[in-house]
Amino acid sequence: MSIIEVTQATFENEVLKSDVPVLADFNAGWCGPCRAMKPMLEELAQTNPGYKIVSIDIDSEDELAEDYDVSSIPCLVVFKGGEEVNRSVGLIAKDAIAELVEG
Amino acid sequence: MPDTYDIIVVGAGPAGMTAAIYARRAGRTVLVLEALSYGGQILNTPDIENYPVEAHISGFDFSTKVYEQAKGLGAEFKFEKVTGLHREDGGYAVATVKNSYRAKAVILATGSENRKLGLEDEARLTGKGVSYCATCDGNFYRNKVVAVVGGGNTALEDALYLSDLAKQVYLIHRRDSFRGDDTNAARLKARENVEIVYNANVTRLISEKRLKAIEVTDKLDGSVRTIELNGLFVAVGRVPENQNFAHLVDLDDAGYVVAGEDCHTREPGVFVAGDNRTKALRQLVTATADGAMAATEAVKYLNSL
């Protein structure tokens, strides 16, 4: 699976109503650490079909960022059954990302 | 993967990756070990304007180019945090969270990280009102109230940057004057939405779910003032992380590896490059210069074995 771009319009279906856990990557194109983390997320998306990885651009989706109280990026939020269960702020290693969602 | 590398570089920032380039061009096998991602601190810089050749380049694009250059020359990269360094069989064993690798020489290019204020709840509030990167997170504070704590160039630049976005900016500085750039200090004083609070320390973070105020204590008379705000940007300098190597190399009081321009440490086969070395100027160009020097000296060392 590849990373799915999510907007306000698709957030509910893709994230809140997902039947698998979702790792939401709040990011922006001008954010270096976000871009550095992207290849790690892409690798995880390719190798881990057990959960879904979505990307949310905080510039175009500022309402989503505000709804979820995101004020530092990169910010990774894990959703299970429509609820936030875990969160991490800042650049982290690939293993730490996997741990965040796999618990 | 060779049984023993000629050189292991610890840290894939500009210094470490430049060292890898020079070592490969000298025909040596090189493994670069990095805890997070290639690039290091420069990833946080949206626009580099002072590195020769390109007038503008983002820290991410710069790092990616250097990474591809080093990889193209045959440097190996592994993303594993280094946890230890020991002498072994005339060379060195470098332990990571996953494995142990061997090398004849080691270059320490571990950079530095943001210094924390050391206040209660600081970690919990990071990303919830507390930030260490104004250029990364400033956009979240459009028309809001923020404070910057610090008195160096970074603090002044952050306050200037934020004053274009935020409604009100407080700059909390523990001294009565700035050691940073005079031009920036003058510019800042001219901004109408900036208030500079001198001789003061942030002594408490007041929060519910998010940060909502800070307590600021005047160093001279001990008076306490509460400032309500949405965001606090911490710019009180950086700290190196060299404790894992302290048994082999000398550290100064601030924790930097003691070494001159030749990047030699007390330990003959261990060299140091970049921001974690004792030096007068910590810039991208001095980091890459260190990488070249450390690799060249390491190769000389290898030739002498």
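Computed from a predicted model, the values in this text were never measured in an experiment. Chain A is the first sequence line, chain B the second, and so forth, proteins listed ahead of strands; every chain is numbered from 1. No hydrogens, no waters, no symmetry mates; every other heavy atom, side chains included, goes into these values.
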Subject >> Contact list for residues 38-65 of chain A, test ring-ring contact (aromatic ring centres under 6.0 Å, His included), sequence neighbours left out >> reply: none

**OP:** Check each atom of Met37(A) against the heavy atoms of chain B and say whether the ones under 4.5 Å are side chain, backbone, both or neither.
**Re:** neither

**OP:** Determine the minimum heavy-atom distance between Leu36(B) and Leu91(A), stating which atoms define it.
**Re:** CD2-O, 3.8 Å

All inter-chain donor-acceptor pairs under 3.5 Å (chain A, chain B):
residue, atom, partner, partner atom, Å
Arg35(A), NH2, Asp61(B), OD1, 3.0
Asp69(A), OD1, Arg210(B), NH1, 3.1
Ser71(A), OG, Gly127(B), O, 2.9
Ser71(A), OG, Tyr141(B), OH, 3.4
Ser71(A), OG, Arg210(B), NH1, 3.3
Ser72(A), OG, Asp137(B), OD2, 2.6
Ile73(A), N, Asp137(B), OD1, 3.2
Asp95(A), OD2, Lys98(B), NZ, 3.2

Subject >> Partners passing side-chain contact (heavy atoms from CB on, under 4.5 Å) against Ala24(A) (at least two apart in sequence or in another chain) >> reply: Phe26(A), Val54(A), Ile56(A), Phe79(A)

Original post:
For Ala20(B), what residues pass the side-chain contact (heavy atoms from CB on, under 4.5 Å) criterion, not counting sequence neighbours?
Top reply: Val30(B), Val32(B), Ala70(B), Ala75(B)

**OP:** Write down the atom of Ile58(A), the atom of Phe140(B), and the distance for their closest heavy-atom approach.
**Re:** CD1-CZ, 3.7 Å

Subject >> Side chain / backbone / both / neither for Val130(B) at chain A, heavy atoms under 4.5 Å >> reply: backbone

**OP:** Please name the pair of heavy atoms, one in Ala36(A) and one in Phe60(B), separated by the smallest distance, quoted to 0.1 Å.
**Re:** N-CE1, 3.4 Å

